[in-house]
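We name chains A, B, ... by the order of the sequence lines, and we start the count at 1 in each one.
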There are 2 protein chains.
Amino acid sequence: MHLKEYEEIKSECLNYLKKVGIQLSEKEKQNFEVADFGLGRIRKLGLQLVVYINTERYCAKELILLPRQTCPEHIHPPVNGSLGKEETFRCRKGTVYLYVEGPETKNPKAIIPDGYEAYLSVWNEVILQPGEQFTIPPNTPHWFQAGDNGAIVSEFSSTSTDENDIFIDPRINRIPVITD
Amino acid sequence: MHLKEYEEIKSECLNYLKKVGIQLSEKEKQNFEVADFGLGRIRKLGLQLVVYINTERYCAKELILLPRQTCPEHIHPPVNGSLGKEETFRCRKGTVYLYVEGPETKNPKAIIPDGYEAYLSVWNEVILQPGEQFTIPPNTPHWFQAGDNGAIVSEFSSTSTDENDIFIDPRINRIPVITD
């Protein structure tokens, strides 16, 4: 991703957080993460996040999604003999369409980015409105998309090791590279 | 605590959460916890909370403090051979005066409830404003008080077992009893 795009997206997200009264420290603003997964389509396929805390026992993040932005399908596999990451998504603002293993939902609400159907395999839809949450078991596939107005999601979880995530889309590089 | 008092305090806290845009599910509202620790002085010594999630690996809660309300000093001891609870307090609204082990702070900001000095042993002050946070190691004493306008604190932690907490004040009963 180019630095200009990173700055643009970051600025939009910080404004969104400010508007809804979620405050960040200066250090958190500096470390604000914009992940395009190396796909180069950040407004369609991407995710923005702030890591509040990530210890050897637990983790908490704020996830910020642009309108209709999709976080691609992935799993959190076992790491170093421990179970994979278990995580709870709590919707704070907006609407989240979350897809997990289970019976396929007919007429799902997500709008699939052009050509991306091949990289989405689970279609059991969970709709989260503010105040609603869902816990995703370790080592199970999931992906999600924000509704028309974007979304803010508090993620509570066991320890996070993003670099170990396994994405269905083999082109994905989870750790973002920002160029001038 | 009498049911009427529980309902009053609960209503105040739900209004506070609503005012600042933190939404709860109906079930969370029903299970809203008001802890007077058996001391019968809820507006001075007490804590209100919503448990969002508490699995075998992590826990997340929202803590709501009335103006100048104090959560009494306690530790989270080891349980069943695991380390005690490790927790991160993230201030969302208001001001929190947190006291932990370390050099005693001269002229601390907390206003001590009458006669309660004897039950407070740690005086290293950490002041948390919205967007600021602090992580409390397992098995270490801590207590906290809200500023003049109350406070809302997101707590991220390892698994919570409140019934194992050890309070300095021997009169305390952590699990609240509500009577008609």
If one checks every heavy atom of B/T159 against chain A at 4.5 Å, the contacting part turns out to be neither
Measure distances from A/K93 to the heavy atoms of chain B and classify the residue's part below 4.5 Å as side chain, backbone, both or neither.
side chain
Whatever's closer than 4.5 Å to a heavy atom in chain B on A/E62 counts as side chain
Lys/Arg-Asp/Glu bridge criterion (N-O < 4.0 Å) met for B/K10, B/E5
no
Greatest number of non-hydrogen atom pairs under 4.5 angstrom with chain A, of B/Q133, B/R57, B/Q23, B/Q129, falls to B/R57
Path from A/Y97 to A/Y116 over hydrophobic side-chain contacts below 4.5 Å:
yes
What part of B/E132 lies closer than 4.5 angstrom to a heavy atom of chain A: side chain, backbone, both or neither?
neither
Residue of the set B/K18, B/E8, B/Q48 for which side-chain contact (heavy atoms from CB on, under 4.5 Å) holds with B/C13:
B/Q48
Engaged part of B/R90 at the chain A interface, taking heavy atoms whose separation is under 4.5 Å:
side chain
Heavy-atom contact with chain A under 4.5 Å, split by part of B/K29
neither
Below 4.5 Å, heavy-atom pairs only: which of B/C91, B/A60, B/S154, B/S158 has the largest tally toward chain A?
B/S158
Heavy-atom pairs under 4.5 Å with chain A: which of B/I53, B/V20, B/L24 has the most?
B/I53
What part of A/E26 gets closer than 4.5 Å to chain B, counting heavy atoms only: side chain, backbone, both or neither?
neither
Looking at B/E86 and A/T55, what are the two nearest heavy atoms and their distance?
OE2-CG2, 3.3 Å
Identify which of A/G21, A/C59, A/P130, A/S157 forms the greatest number of heavy-atom pairs closer than 4.5 Å to chain B.
A/S157
Rounded to the nearest 0.5 Å, what separation is found between the NE2 atom of A/H74 and the CG atom of A/N164?
12.0 Å
Chain A contact via B/E56 - which portion, at a heavy-atom distance below 4.5 Å:
neither
Determine whether the aromatic ring centres of residues B/Y58 and B/F156 are separated by less than 6.0 angstrom.
no
Do the ring centers of B/F144 and B/F89 come within less than 6.0 Å of each other?
yes
Could you check whether B/R68 pairs with B/D148 (Lys NZ or Arg NE/NH1/NH2 to Asp/Glu carboxylate O, under 4.0 Å)?
yes
